[in-house]
Protein chains: 2
Amino acid sequence: MLDNTDIRILEELSKNSRITMKELGKKVHLTGPAASARVMKLEDSGVIEGYTIKVNPVKLGYFVHAFITVITQSTYHQPYLLFLETQKQYVINNYKISGDGCYLLECKFPSNEEMNQFLEELNEQANYKLSIVIKK
Amino acid sequence: MLDNTDIRILEELSKNSRITMKELGKKVHLTGPAASARVMKLEDSGVIEGYTIKVNPVKLGYFVHAFITVITQSTYHQPYLLFLETQKQYVINNYKISGDGCYLLECKFPSNEEMNQFLEELNEQANYKLSIVIKK
DNA sequence: TTCATTCCTTTCATTAATAAAGTAAAAAGG
DNA sequence: CCTTTTTACTTTATTAATGAAAGGAATGAA
């Protein structure tokens, strides 16, 4: 399915997705059109799901990065999920997990105050355990 | 520092970082060169840290996505961190956290067998609690 | 008021993307 | 075994985007 050249293309695009097809081709020993065709195939087959940027959260004013293990009070998760919909600005990822808890919720907050506000509202829907990221 | 146009540029690039500057300009009501200049400023100021792709892990053969809460046995973390260096192919992120445990380790595995192998080796350096992602 | 700065547009030269045609090698089928 | 098809690539030519330069309008400082 994927040969070595495809893997190298994925590596290069992971490092810099705005690279020109000509440059990408040079890196993997192909011409521009050939690299472009490979990339298009990777898109069509769903290996490449999209092109995005890495943003510095601190520069955007998000200083707190937290993982919250969520244990919903009832087996009915809808209230929790609806609550999350209203708090999208804080949510990075919400993983449904097996293990300790029902969800692992990854969030970013501008301050501890806003996080506290969020947690108090969350607590109406679910219990939680909080882990703050110190360093990545 | 960042005005509304900058925010919209970041949103557009998050959705598709390979968009042309001309197209990006159209979306935020600027000309190509103006959009390009804005983006360059965002890069120089460190708001945009890089351009990357979203890859489908399943299509790459990684079927298991796990979060592992790591509790190192000694206060000396080096053995654990050195172990991770040897297991880079599985590691997505390693967050140093305050809260429950010392680290939150995000990993991907091709199979439960390989994860089990990993966990057995990890267990020589640290205790852990495992959470498997069912759904994102 | 005057000067400098910022942020933009317009224009144009350079460069890249894309479509089309052609080639060579591998795979499929009679 | 030979023919046909398919795949993956290159080359060429057209189209489109980038990036540099010049200039204008609005803002703010001296």
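Every chain is numbered from 1 and lettered A, B, ... according to where its sequence line falls, protein lines coming before strand lines. The figures that follow rest on heavy atoms only: side chains count, while hydrogens, waters and symmetry mates do not. Remember, predicted model here, so these are calculated numbers, not experimental data.
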* **Donor-acceptor pair, side chain of A/Asp6 and main chain of A/Asp3, under 3.5 angstrom** => yes
* Asked: Quick one: A/Asn4 CG to D/dA8 P, roughly how many Å, whole number?
  -> 15 Å
* Ignoring the backbone of A/Lys22, work out which of D/dT10, C/dA17, D/dA17 is nearest its side chain. => C/dA17
* Structure fact -> The nucleotide from D/dT18, D/dA8, C/dA19 with an atom nearest the side chain of B/Thr20 is D/dT18
* **Rounded distance in Å - CG (B/Leu42) to C1' (C/dC7)** => 14 Å
* With no hydrogens and no angle check, do the side chains of A/Asn94 and A/Tyr80 hold a donor and an acceptor under 3.5 Å apart? -> yes
* Asked: D/dA17 P sits how many Å from B/Leu24 CG, rounded?
  -> 13 Å
* To do: Quickly work out the B/Lys26 NZ to D/dT18 P distance and round it to whole Å.
  => 12 Å
* Residue met sooner reading DNA chain D from 5', once A/Ala35 and A/Arg18 are mapped to nucleotides -> A/Ala35
* Structure fact -> Rounded to whole Å, CG of A/Asp3 lies from P of C/dA26 at a distance of 15 Å
* Asked: Taking only N and O in the side chain of A/Ser36, is any of them less than 4.0 Å away from OP1 or OP2 of C/dT18?
  -> yes
* Asked: Counting just side-chain N and O atoms, does B/Lys41 come under 4.0 Å of either OP1 or OP2 of C/dC7?
  -> yes
* To do: Would you mind telling me which residue lines up with the more 5' stretch of DNA chain D, A/Ala34 or B/Met40, judged by nearest nucleotide?
  => A/Ala34
* To do: Answer yes or no: is there an ion pair linking A/Glu11 with A/Arg8, defined by an N-O contact shorter than 4.0 Å?
  => no
* To do: Flag the pair A/His77 / A/Tyr103 as yes when their ring centroid distance falls below 6.0 Å, and as no otherwise.
  => yes
* To do: Examine B/Tyr51 and A/Val47 and state if one hydrophobic cluster contains both, with Ile, Leu, Val, Met, Phe, Trp and Tyr joined whenever side-chain heavy atoms are less than 4.5 Å apart.
  => no
* **A/Arg38 CZ - D/dT10 P separation (whole Å)** => 10 Å
* Asked: So does A/Thr31 get a side-chain nitrogen or oxygen closer than 4.0 Å to the phosphate oxygens (OP1/OP2) of D/dT10?
  -> yes
* Asked: Nearest-Å distance, CE (A/Met21) to P (D/dA17)?
  -> 15 Å
